[in-house]
Amino acid sequence: MMIKSPPYLKKGDTIGIVCPAGFMELSKVAECARVLTEEWGYQVKMGQTVGGKSVNYFSGTDEERLRDFQTMLDDSEVNAILCARGGYGTSRIIDQIDFSGFRKHPKWVVGFSDITVLHCHIYRNHKIASLHAPMAGAFNDAGYISRYVQSLRDSLEGKWAKYNCEPHPFNRQGEAIGELVGGNLALLTHLLGSDSEIKTKGRILFIEDVGEYLYNIDRMLLQLKRAGKFDQLAGLVVGGFTEMKDTERPFGSDVYEIIRDAVAAYDFPVCFDFPVSHGKENVALKIGAGHKLKITKTRVLLEE
Amino acid sequence: MDRKQFLGNGALSVLAMAGLDRINLPAASDFIVPPTLRSGDWIGICSPAGFTTPEEIAPAVKLLQEWGFRVKIGNSIGKRNFNFGGTDAERREDLQAMLNDSSLKAILCARGGYGAVRIVDRLNWSGFRQSPKWIIGFSDITVLHSHLSRQVAAASIHSKMCNSFPDDWSKADDIQVASILSIRDALKGVRFEKKIPSASQNRPGSGQGLLVGGNLKTIESLAGSASDLLTDDRILFVEDTGEYRYSVDRMFWNLKRSGKLDKLRGLVVGGFRLKPDDPGEEFGKELEEIVLEKVQGYSYPVCFNFPVGHQKDNIALKCGVVHELSVTPTETRLTEL
C-alpha cells in the first residue's frame with residue numbers, strides 16, 4: 001500500500017481552521033491565526049464552526065460541523081485543514097464525509113485527540129498521510145515558540161521529522177521500520193470493529209491519553225492486544241499519559257508499568273515518555289509516512 | 001464516485017465479515033442451557049474481578065442456603081491484590097476449578113469491578129461443556145456473558161451479585177427483594193416474563209431472538225476481540241452507569257459503526273445513571289435521543305427504562321435464551337420463549 005503525501009505548504013498558502021468536534025471560542029483561536037499569518041506567512045480561512053453560535057458542547061450541529069469540514073475539504077484554495085480542538089464529536093460525522101475530492105487533491109489534516117478518528121479513517125480508507133500535531137490552543141501563551149508547535153511548522157513546510165528523546169528505564173531496545181500510525185488510545189479502541197479501525201501490521205504504533213482511570217488504560221491495552229493489534233507490530237512509541245486517575249484503592253501499577261506488562265510477551269522495540277501527549281510535549285507526527293524507530297541504551301530516535 | 005466505491009468496499013467487507021461470523025454463529029437451538037437447579041444443588045461463589053471478603057458475601061450465602069442450595073466458597077473470596085480478588089493466576093485458577101467442578105450447578109460471581117478480561121483468554125471451557133452450569137453476574141461479568149455467547153454458545157444469567165444481597169433480608173424493600181428473588185426463579189427454571197408500562201419514547205413492535213447484552217462500556221471494550229458480542233438476529237440489552245452523555249453517545253456509535261445495531265430483533269435499554277455534564281459542556285441530547293438517532297432506519301422495537309442495570313431494580317435475565325420483546329404504546333413485555 002503506497003501512502004500518498006499531500007503537497008507541502010508554501011508561503012502564501014491557505015490553512016483552513018475548523019472545529020469538527022467540541023466548541024472553541026474565537027478568542028482562543030486568535031493567536032493561532034495570528035501566528036499562522038504574521039509569523040509563518042500563510043493565509044487563514046476561518047471555518048464557521050470556530051466560535052460559532054452553538055450553545056452546547058459541540059461547535060455546531062452535526063450538519064454544521066459536517067458542512068464546515070466538507071467545505072474546507074473540497075475548497076481548492078485550502079491547502080491544509082487545522083482542527084482547532086478535539087473534545088468529542090468527530091465520530092458523529094465521519095461516515096458522512098465525502099472524501100472523493102480530497103482523494104484527488106489531498107491536503108494536510110492536522111490535529112490530535114478526537115481527531116484520531118480522522119487520522120485512522122483517512123489512513124485506512126484513503127491511504128493519505130495526515131498530521132497528528134498540536135492544535136490552536138497550543139499556540140496560546142507564547143506556546144507557539146516551543147519546539148513542539150514549531151515541529152508542526154516544519155512538518156507543513158516539508159522538513160522531514162527527526163525526533164530524539166531521553167531513554168526510559170522501561171525501553172526495549174531495537175530498531176523498527178514501518179509506516180507510523182496511532183493517536184489517542186481511547187479513540188483507537190473506540191474505532192475497533194468499525195470502518196475506521198486502525199491497521200498496525202508491520203507498522204510503528206504511537207499511543208497517548210489523558211484523564212483516564214488506570215484500570216481503564218489496562219482494559220484498553222488488553223483490547224488492542226485481544227484484537228491482535230500487537231501481533232505483528234514493528235514498534236511501539238508510548239507518549240505521555242497525563243492526569244491519570246486511580247480508584248480509591250490503587251490499581252497497583254503505574255501507567256507505564258501497565259503498558260510494559262501488556263506488551264511483555266512481544267519482542268518489538270518499545271520506548272516510553274516520547275513527546276506526544278495532551279501536555280505541552282507534543283511533536284508533529286506524520287501518520288502514514290515511513291519512519292525508522294531506533295532505541296538504544298542511550299537514546300531514542302524516531303525519524304522519517 | 002470514489003465515495004461510492006469506498007462505501008461499496010466497506011459494505012463488501014462488512015458482508016464478508018458477517019458471512020464468516022454466520023458460519024461460526026451457532027443457532028439458538030445449539031446453545032447449551034445449563035440444567036435447572038433443585039434443592040441440595042451446589043452453587044460456587046468466586047471473584048473473577050474485584051476483591052471481596054467472606055463477611056461481605058455472608059448475606060448471600062445465608063440466603064442461598066435458605067433457598068435450599070449448598071454453597072462452595074472459592075479461594076478467591078477474601079484474597080486481595082490491590083482491587084482484584086487475588087492475582088490474575090489466583091482468580092483464574094479459582095474460576096477454572098469451579099468451571100471444571102461437575103458437582104456445581106451454578107457459579108455466582110461475588111462482584112464486578114474490573115478484571116474478568118485479564119483472565120478470560122486463559123480459561124478452558126472443556127470441563128464446563130461436560131457439566132454446564134449457570135454463570136451469574138453483571139457489570140464486569142459482561143465479559144464472561146459475551147465470551148460464553150461468542151465462544152462457548154452457552155446461556156448464562158445477568159443479575160445482581162453477592163454485594164447486592166441485603167444484609168438484613170427482613171428490612172429489604174420490595175424492589176430489592178424482587179431483584180434478588182428473580183435470581184432464584186431463573187435458577188429454578190421459572191419461565192421469565194416481565195411487563196412494565198411503556199416509556200413515551202419507546203418504539204413499538206415485536207421481535208424474537210436470543211437475548212444478549214450487558215454493560216455497554218464492557219461490550220465496547222470487547223470489540224475486535226475473541227469475546228466480541230454478535231448481535232445479528234438477537235435481542236440486545238444494554239445498561240451503564242456513571243458515564244457522561246458524550247461517552248454514552250460515543251459507545252452507541254461504536255455499536256452502530258461495528259454493525260451491532262444493523263440486524264437486531266429488538267433493543268432493550270436499561271438503566272443509565274448518567275454523569276452530569278460539566279458546566280459549559282452541555283451535551284444537548286438526552287439518552288433517548290442518543291439511542292433513537294442510532295437506530296433510525298431500522299424497524300425493530302426499542303424500549304427504555306427496562307429494570308436492568310446498576311440500580312436496585314435489576315432483574316435476572318437469561319443471556320443466550322430465546323425471548324420475545326413486545327413493545328406497545330402502553331406496555332413493554334419481555335418473555336422467555
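Quick note on labels: first sequence line is chain A, next is B, and so on, each numbered from 1.
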Rounded distance [0.5 Å steps], CH2 in Trp253(B) versus OG1 in Thr90(A): 12.0 Å
Among the listed options Gly224(B), Gly284(B), Ser221(B), the residue most often paired with chain A at heavy-atom distances under 4.5 Å: Ser221(B)
Does Arg249(A) qualify as a cation-pi partner of Phe51(B), given the criterion of NZ or CZ under 6.0 Å from the six-membered ring centre and within 45 degrees of its axis? yes
Between Gly252(A), Gly228(A), Ala227(A), who has the most heavy-atom pairs with chain B when the cutoff is under 4.5 Å? Gly252(A)
Between OG on residue Ser91(A) and CE on residue Met251(B), distance to nearest 0.5 Å: 12.5 Å
Atom CD of residue position Gln48(A) - does it have more than 12 heavy atoms of other residues, nucleotides or ligands inside 6.0 Å? no
With a 4.5 angstrom heavy-atom cut-off, is it the side chain or the backbone of Leu224(A) that approaches chain B, or both, or neither? neither
Best-contacting candidate, Asp278(B), Thr218(B), Asp249(B), Asn81(B), against chain A by heavy atom pairs under 4.5 angstrom: Asp249(B)
To the nearest 0.5 angstrom, please state how far the CG atom of Asn83(B) sits from the CD atom of Glu248(A). 9.0 Å
Closest contact, heavy atoms only, Val120(B) versus Arg226(A): CG1-NH2, 3.5 Å
Check each atom of Ser227(B) against the heavy atoms of chain A and say whether the ones under 4.5 Å are side chain, backbone, both or neither. both
For Lys260(B), is it the side chain, the backbone, both, or neither that has a heavy atom closer than 4.5 Å to a heavy atom of chain A? neither
For the student: nearest non-hydrogen atoms of His190(A) and Arg250(B), plus distance: CE1-O, 3.0 Å
Taking side chain as everything from C-beta outward and backbone as N, CA, C, O, which of these in Lys256(B) sits under 4.5 Å from a heavy atom of chain A? Side chain, backbone, both or neither. neither
With Glu281(B) as reference, evaluate Tyr88(A), Tyr57(A), Phe23(A) under the side chain to side chain contact (heavy atoms under 4.5 Å, CB included) test and give the passing residue. Tyr57(A)
Do Asp218(A) and Arg118(B) have side chains that approach each other closer than 4.5 Å (heavy atoms only, starting at C-beta)? yes
Donor-acceptor pair between Arg257(B) and Ser196(A) side chains, under 3.5 angstrom: yes
In Å and rounded to the nearest 0.5 Å, what is the CZ to OH distance from Phe58(A) to Tyr246(B)? 11.0 Å
Is a side-chain N or O of Gln223(A) found less than 3.5 angstrom from the main chain of Ser225(B), in a donor-acceptor match? no
If you round to the nearest 0.5 Å, how far is NZ of Lys285(B) from CG of Asp62(A)? 5.5 Å
To the nearest 0.5 angstrom, please state how far the OG atom of Ser253(A) sits from the CZ atom of Phe82(B). 7.0 Å
What pair of heavy atoms forms the shortest contact from Asn254(B) to Leu192(A), and how long is it? ND2-O, 3.3 Å
When you measure from the side chain of Tyr114(B) to the backbone of Arg219(A), do you find a donor-acceptor pair of N or O atoms at a distance under 3.5 Å? yes
